[in-house]
2 protein chains.
Amino acid sequence: MKCIQYATQRELALSNTNTTAGHDATRQIRRRIVSGELAPGSRLGQSRLAQELGVSRIPVRDALLQLAGEGLVVLRPNASASVAPLSIGDLEELYELRDLLEPPLCELAVPRLTAADLAAMERELRRMDDSLDPVDWLEANNAFHAAIYERAPRPRMVELVDRIRQLTDRYSRIAHQFNEESARSEHLLMLEAARNAEPARLSALVRAHIASGYETMLTFLADAELEAPRAADGPR
Amino acid sequence: MKCIQYATQRELALSNTNTTAGHDATRQIRRRIVSGELAPGSRLGQSRLAQELGVSRIPVRDALLQLAGEGLVVLRPNASASVAPLSIGDLEELYELRDLLEPPLCELAVPRLTAADLAAMERELRRMDDSLDPVDWLEANNAFHAAIYERAPRPRMVELVDRIRQLTDRYSRIAHQFNEESARSEHLLMLEAARNAEPARLSALVRAHIASGYETMLTFLADAELEAPRAADGPR
DNA sequence: GGTTCATGAAATGTATACAATATGCCACCC
DNA sequence: GGGTGGCATATTGTATACATTTCATGAACC
């Protein structure tokens, strides 16, 4: 009897095999939200999305349910879904969560890092340098951190951190130009700590990385518009 | 212009108003899973569930997607969903998460606790004493802890902890008789710390509470069957 | 002017129907 | 005996259709 391994949500999301229209819709809508193409508070009518994606409303419903679970979409019964709003308070909470979760993952992951992982980190650093738009940069940035964390034997925590980082990405994109430069040098230090197999040092660097990211973000977002750019007078 | 507040998933789950068949199905299936009526690994055929719940497959699909997001159900494209399996490693990870998240919530919540909150804690303590079956006890236990945490101005963390505790409940139910007695005295100490508004002390008590719960659970589950009780020869 | 209420239009929730995929079984072969 | 291939069945994924609810508009009223 061959025993098929359970596929986690994360594994499914990464592999494009066996993809259904629902998963495809999820990915597309998620990207539009993280990229800001769909502004916070925008209405997400099922029919409109279905037409835009060339599918029926059912896969769109699946996608909206999934994204609601990820915290990117807000659902209300019998009413249109909308893109989850942004707020300074939410940003603070998200960074607090990252500060709690990412350092322990570092400590667990560093002793298990392989040469291939270090190479992946270097590759993502280059991708960040070569990135042309904020979304590319954020994707490489997440891949850099994921290359570390995924070695930690804590699948749930890794997936959770991944989701949380995805939520902070919506804020990061707005303050992108401020973050990128300071992040670069910090990333280099992190790579060095990973190479030297220093869990405590990497953990401390990550904490500082998170704190500095939060600070720059906060100073920049303090007077920025977090609500919808008044496309259709905002949703609700 | 009246501005409707965003309803979080948690608020929706608690209020029974405006409920749809999908939400109802979600609650029922969730309860069956947490109670163990649906054993880990059991197949969750959409048609069968739909028939049992007296609805069509669409609300069942919604429910399964929701529960997959909560980590109670495992989905694979084009294949039947199944109840998420249990494992010692997963239990360890869940308790590690609780140990990271619950103490900070205590520190934030204690200074904000009201008399009504303390009364709610006492009420849930009585409910635990009066409970007739493990699931009732677990529900009151969660309500006791939620009465504390919900005062923390961290809605995301509160919801996250709630979800994680729900996942550990599946394990707790198995080792229930071992936990209940030791938990009782710890709960009384926690109530006292809350009454005296001692954040640090409550935080420490919660950490100890989590650790002791984990220990008893582990010694009991070490030789217990975590897989499906061979109802229909396992899942897949 | 602002509020309330009714009404039509739009959007969601759900049921049903069909196509695509996986599952289980059995013959078959090594 | 164990593994392989193919076929019938069961199950999921998606489209469409309809019932129900919400939303937007405007009239009536204070």
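To find a chain, count down the sequence lines: A is the first, B the second, and so on, and within it residues start at 1.
- The residue among B:A79 and A:S56 whose nearest nucleotide of DNA chain D lies closer to the 5′ end is B:A79.
- Here C:dT21 presents its C1' atom at 14 Å from NE2 of A:H23, a figure rounded to the nearest Å.
- In this entry the distance linking CG of B:N78 with C1' of C:dA20 reads 7 Å, nearest Å.
- Inspection of the B:D169 and B:N142 side chains reveals an N or O donor paired with an N or O acceptor under 3.5 Å.
- Per the geometry, CG belonging to B:L64 stands 11 Å off C1' belonging to D:dT12, to the nearest Å.
- Considering only the side chain of A:T20, D:dG13 comes nearest among D:dT16, D:dG13, C:dA15.
- At the phosphate of D:dA10, neither OP1 nor OP2 sits under 4.0 Å from any side-chain N or O atom of B:S80.
- Checked against D:dT14, D:dT12, C:dT23, the side chain of A:D62 finds its nearest nucleotide in D:dT14.
- Nucleic acid contact for B:L49: none, since no nucleic acid atom lies under 4.0 Å from a heavy atom of the residue.
- Distances were taken from every side-chain heavy atom of A:R61 (C-beta onward) to each of C:dT23, C:dG13, D:dT14; the shortest belongs to C:dG13.
- Nucleic acid contact for B:L44: sugar-phosphate only, since backbone atoms but no base atoms lie under 4.0 Å from a heavy atom of the residue.
- Neither side chain, A:D162 nor A:Y149, offers a donor N or O lying under 3.5 Å from an acceptor on the other.
- B:R48 has no side-chain polar atom (N or O) that falls below the 4.0 Å cut-off from OP1 or OP2 of D:dT12.
- Nearest nucleotide to the A:R76 side chain, out of D:dA15, D:dC23, D:dG13: D:dC23.
- With DNA chain D read from its 5' end, the first of the two nearest nucleotides for A:G22 and A:R57 is the one closest to A:G22.
- At C:dG13, one or more side-chain N or O atoms of A:Q46 fall inside 4.0 Å of OP1 or OP2 (strictly under the cut-off).
- When all heavy atoms of A:G45 and A:S80 are compared, the closest pair comes out as CA-OG, 4.5 Å.
- Minimum interatomic distance between A:S56 and A:V60 (heavy atoms only, all atoms of both residues): O-CG2, 3.7 Å.
- For A:I58, the listed nucleotide lying nearest its side chain is D:dT16; candidates were C:dT12, D:dT16, D:dC23.
- For A:R27 and A:T19, the side-chain atoms include at least one donor-acceptor pair closer than 3.5 Å.
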